[in-house]
Amino acid sequence: MRPGVRNLITDVPGLLVGQATEERAASGVTVVHLGGAWPAAVDVRGGGPGTRETEALAPENLIGRAHAVVLAGGSVFGLAAADGVAAALSARGIGLTLRPGSPPIPIVPAAVLHDLGNGGDKLWGLAPPYRALGMQALDHASADFALGSVGAGRGAMAGLIKGGIGSASIDLGGGLIVGALIALNSIGSALMPDGVTYWAWPFELDDEFGGAKPPPGPVRIVDPAPDESRLNALGRLQPGANTTLGVVACSAVLTNVECKRVAMMAQDGIARAVRPAHTPFDGDTLFATASGAIALDPDFQRPAQVGRIGSAAADCVARAIARAVFHSRPGNRGT
């Protein structure tokens with residue numbers, strides 16, 4: 001097992017990521033620009049999600065594809081970032097054309113995290129910055145992008161420490177690449193009780209988040225009550241005040257229904273890397289998409305191959321979560 005060339009979700013060919021950060025507001029936007037209308041699906045496990053156009057991706061509905069996926073800070077205000085991305089894509093001629101002469105309609109699902117209480121000037125009145133940030137992020141879309149306290153992860157926390165943007169990929173051979181992008185703003189912690197080792201340590205490749213190994217002996221389980229007062233003081237023990245958002249992608253030919261299964265399996269990566277996960281206070285949401293570049297092997301059961309992709313996606317999510325924290329720490333900033 002080895003990471004892709006960049007160890008980023010953009011190792012999936014055709015997929016680009018752009019980010020825009022508003023330092024004054026200590027918030028931002030991250031856009032995953034797909035190379036067309038890719039099959040896509042979403043799975044929501046948290047108790048307080050904030051989303052847009054997720055029903056357009058439901059297997060029982062008509063569309064089941066997306067042109068871009070937006071992750072944003074700003075809680076409900078951040079959903080406006082998808083408006084900016086949709087308008088910019090349409091102006092480029094990207095989207096569904098339902099009648100000749102009508103503007104193209106891009107499908108741009110989105111999910112937001114709550115960073116309104118994490119510092120920065122949020123008193124924007126009638127002019128939240130997210131629509132403009134969405135367009136800026138799309139303009140910056142490229143194969144290389146920064147990790148850590150940037151974009152949608154600028155104001156994010158992971159329990160009581162800094163969260164942020166993380167990404168990871170894995171090369172399964174034969175052109176089959178799986179990758180994940182995470183915006184980590186969880187109520188749970190990405191670190192074991194020693195405060196050093198990541199819960200995701202068994203999945204680390206090439207010391208990508210520091211190579212720390214757990215101390216010998218059984219894991220010491222800590223009662224969360226001692227930190228409850230600190231979390232309350234931060235205003236985080238409220239439904240929707242925290243979340244882990246993400247996108248997983250692969251280069252395989254998958255249907256919308258198969259993307260749904262991959263998204264469901266990828267949620268296991270959150271549970272492996274964050275404790276606790278999927279709480280009533282989180283809005284954990286994962287999108288899954290597929291480029292369609294690599295056909296699955298006709299000599300093997302298709303469900304088994306989809307399961308392999310889903311398993312790899314879960315591993316990438318766990319690694320991306322650890323990398324989000326690692327790259328948000330001083331001295332580890334960047335890709």
Side-chain angles (χ1 to χ4, degrees), residues 1-4 7-9 42-47 71 111 113 147 153 156-170 172 178-215 217-222 224 242-250 260-288 306-328:
M1 290 293 186
R2 64 183 188 276
N7 199 17
L8 298 172
I9 192 173
V42 63
D43 186 70
V44 180
R45 297 286 172 94
L71 309 179
L113 57 83
L147 305 182
M157 299 287 289
L160 296 169
I161 64 175
K162 193 72 185 70
I165 293 292
S167 189
S169 68
I170 194 163
L172 296 178
V178 178
L181 170 74
I182 293 293
L184 181 67
N185 189 50
S186 56
I187 192 75
S189 176
L191 297 176
M192 296 175 70
D194 63 5
V196 175
T197 312
Y198 293 94
W199 287 111
W201 75 266
F203 309 99
E204 186 176 17
L205 298 177
D206 298 339
D207 292 339
E208 62 193 335
F209 40 89
K213 299 297 187 289
V219 174
R220 180 171 59 92
I221 302 301
V222 178
N242 321 270
T243 193
T244 301
L245 308 176
V247 180
V248 296
C250 71
K260 176 71 174 183
R261 177 53 56 186
V262 169
M264 294 170 69
M265 293 183 67
Q267 288 274 8
D268 289 347
I270 298 177
R272 293 171 188 167
V274 176
R275 292 175 60 91
H278 310 323
T279 75
F281 306 106
D282 290 288
D284 299 341
T285 301
L286 283 185
F287 299 89
V306 173
R308 181 186 183 217
I309 293 169
S311 178
D315 290 350
C316 286
V317 166
R319 293 163 51 215
I321 286 171
R323 296 191 82 200
V325 174
F326 179 77
H327 284 283
S328 293

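- Listed for the S169 side chain is a donor-acceptor partner under 3.5 Å among the backbone atoms of G4.
- When all heavy atoms of R272 and A314 are compared, the closest pair comes out as NH1-CB, 3.5 Å.
- Rounded to the nearest 0.5 angstrom, I321 CD1 and C316 SG are separated by 11.5 Å.
- Taking CZ of F281 as the reference point, atom OG of S186 lies at 13.5 Å (rounded to 0.5 Å).
- In this structure, the side chains of S189 and R275 stay at 4.5 Å or more apart for every pair of heavy atoms.
- Minimum heavy-atom separation, S328 to G164: OG-CA, 3.7 Å.
- N242 places none of its side-chain heavy atoms less than 4.5 Å from the side chain of L113.
- A donor-acceptor pair under 3.5 Å is formed between the side chain of S167 and the backbone N or O of I9.
- Here the shortest heavy-atom pairing between G166 and A324 reads N-CB, 3.5 Å.
- Judged by distance alone, the side chain of T197 and the main-chain N or O of A212 form no donor-acceptor pair under 3.5 Å.
- Using a 4.5 Å heavy-atom cutoff, the side chains of I270 and V317 are in contact.
- Salt bridge annotation for R45-D282: absent, with no cationic side-chain nitrogen under 4.0 angstrom from a carboxylate oxygen.
- Formation of a donor-acceptor pair under 3.5 Å by the D43 side chain with backbone atoms of L286 is not found in this model.
- Rounding to the nearest 0.5 Å places CE of M1 at 12.0 Å from CZ of F203.
- The main-chain N or O of F209 is never found under 3.5 Å from a side-chain atom of R323 such that the two would form a donor-acceptor pair.
- Closest non-hydrogen pair, L191 versus W199, comes out as O-NE1, 3.0 Å.
- Put simply, CD1 on I165 and CG on L8 are 11.5 Å apart, with the number rounded to the nearest 0.5 Å.
- Judged purely by atom type and a 3.5 angstrom limit, E208 has no side-chain atom pairing as donor or acceptor with the backbone of R319.
- For CZ of R261, the number of neighbouring non-hydrogen atoms (other residues, nucleotides, ligands) closer than 6.0 Å is 12 at most.
- Once rounded to the nearest 0.5 Å, the distance linking OG1 of T244 with CG of N185 reads 7.5 Å.
- Annotation: side chain of V325 is in contact with side chain of L184 (closest heavy-atom distance under 4.5 Å).
- Heavy atoms only, all atoms of each residue included: C250 and V178 are closest at CB-CG2, 4.0 Å.
- Residues D284 and Q267 have side chains that never bring a donor and an acceptor to within less than 3.5 angstrom of each other.
- When every heavy atom of A312 is checked against every heavy atom of I170, the shortest pair comes out as CB-CG2, 3.9 Å.
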Could you check Y198 against E204 for side chain to side chain contact (heavy atoms under 4.5 Å, CB included), going step by step and ending with a plain yes or no? CA-CA 9 Å; Y198 293 94; E204 186 176 17; over 6 Å; no
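- Distance check, rounded to the nearest 0.5 Å: CG of L205 to CG of D315 gives 8.5 Å.
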